[in-house]
Every structure is written in C-alpha cells, then in structure tokens.
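Beneath this line is the structure, given in structure tokens, with notes to follow.
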There are 2 protein chains.
Amino acid sequence: MNTPRPRGPGRPALTRTDGTPLRVLVVDDDPDLAEVLSGALRYEGWEVRTAGDGVSAVAAARELLPDAVVLDVMLPDTDGFAVLRSLHAVRPDVCVLFLTARDAVEDRIAGITAGGDDYVTKPFSLEEVVARLRGLLRRAGMARQLEDGPRLTVGDLVMDEEAREVTRGGELVELSRTEFELLRLLMRNPRRVLSKAQILDRVWSYDFGGQAHVVELYISYLRKKVDAGREPMIHTVRGAGYVLKPVTR
Amino acid sequence: MNTPRPRGPGRPALTRTDGTPLRVLVVDDDPDLAEVLSGALRYEGWEVRTAGDGVSAVAAARELLPDAVVLDVMLPDTDGFAVLRSLHAVRPDVCVLFLTARDAVEDRIAGITAGGDDYVTKPFSLEEVVARLRGLLRRAGMARQLEDGPRLTVGDLVMDEEAREVTRGGELVELSRTEFELLRLLMRNPRRVLSKAQILDRVWSYDFGGQAHVVELYISYLRKKVDAGREPMIHTVRGAGYVLKPVTR
DNA sequence: GCAACCTCTGAGCCCGCTCTCAGCGCGCGG
DNA sequence: CCGCGCGCTGAGAGCGGGCTCAGAGGTTGC
C-alpha cells in the first residue's frame, strides 16, 4: 500500500535541519486506521507513506528512508520486533512509535522504550500519537522546528509537555489527563477556532462512541482551572467552537 | 553484524576530553539483547557498534577502536577471555564490561576485574549496565562529562553512585538494590514523567515477565523512605507515570 | 539450618476521573 | 419582547488506576 498524497498541510512542513521535509511511515493492517493516522500526520506537516504488513513495511522503508515509523505491533505476517531490527538495518537512526492493544498484555514491548523509542496503547487519540512522535523527534534532535524544547507558551500560560506541568502566570495548574490533552490541542492552535467535532476527533480516542457534549464539559473544567478568577483566555464562538487567545490589554 | 547508528541521542553525546564521541562495541550472540543494549547505550550518548561472535568482534574492534566493550563471556566461537586478549592487543586501555551467567566461574572473573574492568551477571537491568559503564569510564578518566564525580543531586536529595549511599537533607536513607536503581533512574531524569513501562524496561531485568504492578509497589517503598514525613518529591501523574521533582517553595 | 531480608504476587480498597443526565441561563433570531 | 436552542454546569454513577497490606518464595549471611 502506497499513498503519496501531496495535500498541503495545515501546518508548515516539518523539516530536518537541512531543510528537507520529515518523512514518516505508518504501518497498520487496518486500512481505516492507517488512513486516519496518515491524514492527521500529513496535517501536522509530515510527508507520509503507509504499509499494511511487515514485508511491505520494510520494502517501503528501504525506498522512503523515513525519519520515523508508526508501527502496529500486531501485524499479519511478522511481529513488530522483527520489523524493528530490519528497520534499524535500513536506517539506524529511525525513531519508532509502537501501537499496541491494551489487553494484549505480553505484546513483547519489553525493552522497547529503553532505546528512546516509545509506544501508545490502542485505543489512542490522535493528539497522543502526534505528541509522542514530536517527543521522539525532539529528543533525537531531528526536527528544526522542535529545537526550542518541550515548552508551549500562549500569553502567560505555559505548558511543559515532558513534566506534564502547566502554569498560568507562574501559578501551578493541576490537570487531569483529558484536560491536559485538550489544553495542549488548544495551545498548539492559539487564536484559531476549533469546532467541537475537531476537538473530539483529536483529543478523544477514535473509538469513542459518546456525545460531543463532553467537549463542553471539559472546556468548563478547563475554565475553572485555567481561567479561574483571571482574565479569560478560553472563548466560546457560538455555533463554531472554541478559541484560546492570549489576553489582550 | 555491524550497526553504525548515528541517531541523535536522548542525552548529550558522551565525549572524550578531545571532544570526539565515545565509542562502545557490544558483543553478544543474542540479537534481541544486542539490539536492546545498543539502543539503550546510544540513547545515553554513546556511539555504538555490535558484533555477534568473537571473530567479528575483533574485526570490528580493529576498525572502530572502541573506548569500551560490552562483552558476553559465552560466545558461539571463542570464549570472551580470548577476545579480551585480542582487544587489549588492539587497544591496551580499553574498558571492558563482561556479561556473565550467574553461576559462571567466579574466580576467572575476579582475576579479570582486578585489572579495572567490571562485570554484570545475567539477567541484568539496563540501568545496571549503563551505570557500570559510566563507572569504568569515570575511573579511567575518559569522559569529559563524568569528571565531576559520581554524585547525583536533586534538591536536597543526594546520591553517591559509587558508595551506593543516598541522603535526603543530610539524613542517610537506606535502600535495597531495586529501590536504589529505581531512584537512580528517577534522579537521572528529574522533572520528567517516566511511564511504568519505561521504568520497567530500564530498572527490571530484560527477561522479567511480571506485571507493571511492581513499579507501583517500589514507588510506594521509595516514598516511605525518601519522602517519609517530608515534603514529597515523588509525584504520581495519573495515566502517565511518575516524576521526581525538587521541592518548590 | 535458621534468620533476616528482599522481591514479587494477589486481593481489596479508595478515590480521582470520565461521562451521562438534567436543568438552567442566555444569546440570538423572529 | 418572546421563545428556541446552544451552551454551561451541578449532581452523581461507574470504572479503573493506583496504593497498600499480607504473605509466599527465594537468596544471603550467620
């Protein structure tokens, strides 16, 4: 399977230090999931290719020489660990993000994270995948755009992704996991209106069956913690969605 | 087997006093283990190459001129000690870390380590290997980064790696082996959330088949000893992992 | 051979988190 | 000015992650 789709990304292309675009190979036997993932990553500025099994993954890797690989551990032909070795043989410095089922306890993840590689468990949210991939790239020092470190800033609101710490005006703001991911999405898209559907698609896992109503709920939680008693930064755009803006004075 | 992998490390590259990167040769006939080891060492800032048997090890050493060698005593062709002699012929000041089975001939190992080299018994944890290697380098005065000595400090928490001694606010904290290694990992990654899987991959031996539950257990032990009655430094990040932070005031 | 210690398993409990539901406020259009 | 519907928020149920205790098995040291 091979999907070079030159759609212009929603963000400026991620580039290596030499200016060429970053390439990622997505390997999953579920074509729907591979499609969703590649769409999201393309939107993030990656050049994406997909593969459906281990053999074609290695073949595609040889051709593409990807900077990163998103790799399902459970593949129809080979297991992920074998693919990993082949990938490293092709390109030794490749970053790998594994996808693994939560209940498949012994998926042979042992030792994976030791080399700096990482993994997420299904079902995951797209923000999760994107963030982990950014983390890998940053630690490997590969992306020019990520060299400024793991800190996200909008106005006096600061998020340290590695420490999972958020401060507003220097004061610590304690957030739950979902609140954190929602805020991260908002902070990565400041001054930009995000619809509830967009938020749902990116922050909640792809198999979430619930109502868009939860988004309102979590926005309300965030407001209580982030805007509490201060000049509000989270704004509702009726009929359209939500925006995060630095306070204007 | 030959894997020069120039991946940017998760930590700043370890360098010699002249600024060139430190090189290590990993020799083990188990490719999975060699893969995991080389990943971990590369992440630590080493330039790594691997070999699967004695003959290719010597060949690789001649080419690479490594500063250190991680060497399995049991090899398919030659035994580790013969390889050692060849290595010393190539480079007399090379540091060697032996990997050996628990029930191996202790006296021969003892003879070897008298020369300043060291060994760990299988199954080992990655933290163990990494730490031993750092120790060798430090004593040999080879690494620029390690010249400041074997002391690790986070807030008022101090660890002397060589003496295996930990103090908090000047008070001695007595730790078991596993507790010590877990704390070392946390102290080498302050302010950074580590997932249970990451902790398991580094602190527990690679063949450990158990549950991530043990991590919680040992965190709880550490808390009783390190945080006991004091301002806590070990924090849980629900759904993500654990962080060690100096007390903020 | 025994005692002390360490490591790990299992069970049970607690509590924070997530989500559903329902009622209300309020903006906006008629 | 009124009514509708979107959005907001409080209450609470259910769940699952995380903590702790108790105890078995293994190892070390005396």
Side-chain angles (χ1 to χ4, degrees), chain A residues 101-103 105-106 110 120-125 127-128 164 166 173-183 193-200 203-205 207-229 232 234-243, chain B residues 101-103 106 121-125 127-128 164 173-183 193-200 203-228 232 234-243:
Chain A
R102 177 174 303 271
D103 49 352
V105 192
E106 283 314 308
V120 294
T121 57
K122 296 184 180 184
F124 46 77
S125 72
E127 272 300 295
E128 184 82 45
R164 285 197 160 247
V166 175
V173 178
E174 296 199 29
L175 300 177
S176 78
R177 179 195 171 84
T178 308
E179 290 162 358
F180 183 87
E181 281 205 22
L182 172 55
L183 183 60
V193 178
L194 299 172
S195 73
K196 279 183 241 181
Q198 284 177 319
I199 294 174
L200 210 55
V203 175
W204 271 261
S205 45
D207 68 343
F208 177 72
Q211 316 284 339
H213 177 65
V214 285
V215 177
E216 300 167 21
L217 187 61
Y218 272 88
I219 287 286
S220 132
Y221 291 159
L222 267 191
R223 281 181 167 140
K224 268 187 234 164
K225 295 182 175 179
V226 173
D227 284 346
I234 303 172
H235 305 273
T236 304
V237 183
R238 233 182 141 78
Y242 299 95
V243 214
Chain B
R102 179 170 302 275
D103 52 355
E106 292 287 333
T121 57
K122 294 187 179 186
F124 47 77
S125 73
E127 273 298 296
E128 183 82 46
R164 292 206 146 237
V173 178
E174 295 200 29
L175 299 176
S176 77
R177 175 200 170 83
T178 308
E179 290 163 357
F180 182 86
E181 282 204 21
L182 172 55
L183 183 60
V193 177
L194 299 173
S195 73
K196 279 182 237 181
Q198 286 177 320
I199 294 174
L200 215 53
V203 175
W204 270 260
S205 45
Y206 53 87
D207 68 344
F208 178 73
Q211 312 288 336
H213 176 62
V214 284
V215 177
E216 300 166 22
L217 189 61
Y218 272 88
I219 286 285
S220 128
Y221 291 159
L222 265 192
R223 281 183 169 140
K224 270 187 224 161
K225 294 182 174 179
V226 173
D227 284 346
I234 303 172
H235 304 271
T236 303
V237 184
R238 226 167 204 265
Y242 299 95
V243 215

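Order of the sequence lines fixes the chain letters, A, B, ..., with proteins taken first and strands second; residue numbering starts at 1 for each chain. Values below: all heavy atoms of this structure, side chains included; hydrogens, waters and symmetry mates excluded.
For the atom pair CD1 of I219(B) and CG of L182(B), the computed distance is 4.5 Å after rounding to the nearest 0.5 Å.
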Heavy-atom contacts, protein to nucleotides 18-23 of chain C, under 4.0 Å, summarised as B (base), S (sugar-phosphate only) or - (none) per nt, yield BBBBB-
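Relative to the axis of its first five pairs, the axis of the last five pairs of the helix from dG1(C)-dC30(D) to dG30(C)-dC1(D) sits at 30°, rounded to 10 degrees.
The side chain to side chain contact (heavy atoms under 4.5 Å, CB included) test applied to R238(B) returns no partner, not counting sequence neighbours. Listed by chain and number, the residues in a salt bridge (charged side-chain N to carboxylate O under 4.0 Å, His left out) with D207(B) amount to none (sequence neighbours excluded). With sequence neighbours left out, Q211(A) forms a side chain to side chain contact (heavy atoms under 4.5 Å, CB included) with H213(A). Residues forming a side chain to side chain contact (heavy atoms under 4.5 Å, CB included) with A240(B) (at least two apart in sequence, or on another chain): R164(A), V193(B), V237(B). In this view, K122(B) and D28(B), D72(B) satisfy the side-chain hydrogen bond (donor to acceptor under 3.5 Å, both in side chains) rule, not counting sequence neighbours. By the side chain to side chain contact (heavy atoms under 4.5 Å, CB included) test, V226(B) is found to be paired with L157(B), R168(B), V173(B), L183(B), L222(B), residues two or more places apart in sequence or in another chain being considered. Legend: residues meeting side-chain hydrogen bond (donor to acceptor under 3.5 Å, both in side chains) with T178(A), ordered by chain and number and at least two apart, are absent. Remark: F124(A) engages Y206(A) in a ring pair (Phe, Tyr, Trp, His ring centres under 6.0 Å) (not counting sequence neighbours).
Atoms CG (L182(A)) and P (dC17(C)) sit 15 Å apart, rounded to a whole Å. Residue L200(B) contributes atom CG, which lies 13 Å from atom C1' of dT7(C) at whole-angstrom precision. For I219(B) and dT20(D), the CD1 to P distance is 11 Å, given to the nearest whole Å. Between the NE2 atom of H235(B) and the P atom of dG16(C) there is a distance of 17 Å, given to the nearest Å. If you take CZ of R164(B) and P of dC6(C), they are 13 Å apart, rounded to a whole angstrom. Spacing between atom CG of D227(A) and atom P of dC8(D) amounts to 12 Å, rounded to whole angstrom units. What separates CG of L175(B) from P of dC5(C) is a distance of 15 Å, to the nearest Å. Between the CZ atom of F180(A) and the C1' atom of dG16(C) there is a distance of 18 Å, given to the nearest Å.
By the 4.5 Å heavy-atom criterion applied to side chains, R177(B) and E128(B) are counted as neighbours. At least one side-chain heavy atom of E216(A) sits under 4.5 Å from a side-chain heavy atom of Y242(A).
Taking each heavy atom of E181(B) and S125(B) in turn, the nearest pair found is OE1-OG, 2.7 Å. What you find for R223(A) and H235(A) is that their closest heavy atoms are NH2-C, 3.7 Å.
Not one side-chain nitrogen or oxygen of Y242(B) sits closer than 4.0 Å to the OP1 or OP2 atom of dG17(D). Contact check, K224(B) against dC21(D): a side-chain N or O comes under 4.0 Å of OP1 or OP2. Proximity of S220(A) to the phosphate of dT9(D): a side-chain N or O atom is located under 4.0 Å from OP1 or OP2. Residue K196(B) has no polar side-chain atom (N or O) positioned under 4.0 Å from OP1 or OP2 of dG17(D).
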Atom pairs under 3.5 Å, N or O on each side, protein against nucleotides 27-30 of chain D: can you list them with distances?
none

Are there any protein N/O atoms within less than 3.5 Å of an N/O atom in nucleotides 27-30 of chain C, and if so, which ones and at what distance?
none

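A perpendicular orientation is assigned to the rings of Y218(B) and Y221(B), their planes being inclined by more than 60° (bins at 30° and 60°).
Both G239(A) and E216(B) lie close to DNA chain D; mapped to their nearest nucleotides by heavy-atom distance, the more 5′-ward contact belongs to G239(A).
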